[in-house]
Amino acid sequence: MEKVDILRRADIFYDLSGAQLEMLASICEERVVKLGDIVFEENSQGDEMFVISRGAVEVLVDPSIVGGPGAKKRGGMPVTIATLRGGQTFGEIALVDQGLRTASARCAETETQLLAIQRNRFMQ
């Protein structure tokens, strides 16, 4: 699938014109991640966002954040709070915030394809 078509499916870019989508596509870097690969860790510095082209990504947080009755049973293991699929975005706060990541992202399907958008290129 062409980068522009992938970006067009993402809610975050719904109001961009064709020309704007072309410009955005020109700065995207394609990445393939394998099942279980960590895309980024919670509390790490963020400087890029991702659009899922194909596959799925789990968003995970520290169990102390979500709490609840099973928090102690999980023994500190990260908790999946969402599974994202094709056309969805994650890590977009890094484009405006430059703060620490509030969650981890892990590949949830074999051969997941992502479009990465670097903050510095996006801001230009």
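When a residue number appears, it is its place in the shown sequence, counting from 1.
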Peer 1: Same hydrophobic cluster for Val57 and Leu35, using side-chain heavy-atom links shorter than 4.5 Å among ILVMFWY?
Peer 2: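 In one cluster with Val57: Leu35, no.
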
Peer 1: The criterion is ring pair (Phe, Tyr, Trp, His ring centres under 6.0 Å); which residues satisfy it with Phe90, sequence neighbours excluded?
Peer 2: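 For Phe90 the ring pair (Phe, Tyr, Trp, His ring centres under 6.0 Å) partners, ignoring immediate neighbours, are Phe40, Phe50.
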
Peer 1: I'd like to check Glu42 versus Asp62 (side-chain heavy atoms, cut-off strictly below 4.5 Å). Are they in contact?
Peer 2: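 Of all side-chain heavy-atom pairs linking Asp62 with Glu42, at least one is under 4.5 Å.
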
Peer 1: Could you state the interatomic distance from OG (Ser53) to CZ (Arg9), rounded to the nearest 0.5 Å?
Peer 2: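 With rounding to 0.5 Å, OG (Ser53) is 7.5 Å from CZ (Arg9).
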
Peer 1: To check you understand the geometry: which heavy-atom pair defines the closest contact between Ala94 and Arg101, and what is its length?
Peer 2: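 Closest pair (atom of Ala94, atom of Arg101, distance): CB-NH1, 3.7 Å.
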
Peer 1: Can you sort out the partners of Val32 under side chain to side chain contact (heavy atoms under 4.5 Å, CB included), two or more places apart, ordered by chain and number?
Peer 2: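 Partners of Val32 by the side chain to side chain contact (heavy atoms under 4.5 Å, CB included) criterion, ordered by chain and then number, come out as Glu111, Gln113.
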
Peer 1: Could you pull out all residues at least two apart from Leu100 that satisfy side chain to side chain contact (heavy atoms under 4.5 Å, CB included)?
Peer 2: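 Side chain to side chain contact (heavy atoms under 4.5 Å, CB included) check on Leu100 returns Gln45.
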
Peer 1: Give the intermediate values and the outcome of side chain to side chain contact (heavy atoms under 4.5 Å, CB included) for residues Leu7 and Val51.
Peer 2: CA-CA 7 Å; Leu7 295 170; Val51 180; 4.0 Å; yes

Peer 1: Evaluate whether atom CZ of Phe122 has more than 12 neighbouring non-hydrogen atoms of other residues, nucleotides or ligands under 6.0 angstrom away.
Peer 2: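 No.
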
Peer 1: Of the non-hydrogen atoms in Pro78 and Pro63, which two are nearest, and what is the gap between them?
Peer 2: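 In terms of heavy atoms, the two residues are closest at CA-CD, 4.3 Å.
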
Peer 1: Using side-chain heavy atoms (C-beta onward) and a distance below 4.5 Å, is Val4 in contact with Glu22?
Peer 2: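 SC-SC contact between Val4 and Glu22 confirmed.
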
Peer 1: Output yes when Arg8 and Asp5 qualify as a salt bridge under the 4.0 Å nitrogen-oxygen rule, no when they do not.
Peer 2: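 Yes.
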
Peer 1: Quick one: do Arg106 and Glu58 make a salt bridge, cutoff under 4.0 Å?
Peer 2: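 Result for this pair is yes, salt bridge flagged.
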
Peer 1: Are the side chains of Val59 and Leu84 in touch, meaning some heavy atoms are under 4.5 Å apart?
Peer 2: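 Contact flag for Val59/Leu84 side chains = yes.
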
Peer 1: Looking only at non-hydrogen atoms, find the nearest pair between Cys28 and Lys3 and report the distance.
Peer 2: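 Answer, listing the atom of Cys28 first, then Lys3: O-NZ, 3.0 Å.
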
Peer 1: Find out if a path of hydrophobic residues (ILVMFWY) with successive side-chain heavy-atom gaps under 4.5 Å connects Val96 to Tyr14.
Peer 2: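 Shared cluster, no.
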
Peer 1: Side-chain contact test, heavy atoms from C-beta onward, threshold under 4.5 Å: evaluate it for Gln124 versus Arg119 and give yes or no.
Peer 2: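 Gln124 does not reach Arg119 side chain to side chain.
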
Peer 1: Mind checking side chain to side chain contact (heavy atoms under 4.5 Å, CB included) for Ile93 and listing every partner two or more places apart, or none if nothing turns up?
Peer 2: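 Listed in chain order: Asp97.
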
Peer 1: Within a reach of under 6.0 Å around CG of Asn120, are more than 12 heavy atoms found that belong to other residues, nucleotides or ligands?
Peer 2: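 Enclosed: over 12 neighbouring heavy atoms sit under 6.0 Å from CG of Asn120.
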
Peer 1: I need the minimum non-hydrogen distance between Ile6 and Ile52, along with the two atoms involved.
Peer 2: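 Heavy-atom minimum between the residues: CG2-O, 4.2 Å.
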
Peer 1: Does Arg31 pair with Glu48 as a salt bridge, N-O distance under 4.0 Å?
Peer 2: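 Judged by the 4.0 Å cut-off on N to carboxylate O distance, Arg31 and Glu48 do form a salt bridge.
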
Peer 1: Is there any side-chain hydrogen bond (donor to acceptor under 3.5 Å, both in side chains) pair reaching into residues 79-88, and which pairs are they, with sequence neighbours excluded?
Peer 2: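 Found Arg85-Glu109.
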
Peer 1: Ser17: what forms a side chain to side chain contact (heavy atoms under 4.5 Å, CB included) with it, not counting sequence neighbours?
Peer 2: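 So Ser17 forms a side chain to side chain contact (heavy atoms under 4.5 Å, CB included) with Ala19, Gln20.
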
Peer 1: Out of Thr110, Leu114, Ile38, which residue meets the side-chain contact (heavy atoms from CB on, under 4.5 Å) rule with Val33?
Peer 2: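 Single pass found, and it is Leu114.
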
Peer 1: So which atom in Leu115 and which in Glu30 form the shortest heavy-atom distance, rounded to 0.1 Å?
Peer 2: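 Taking every non-hydrogen atom into account, CD2-CG, 3.6 Å.
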
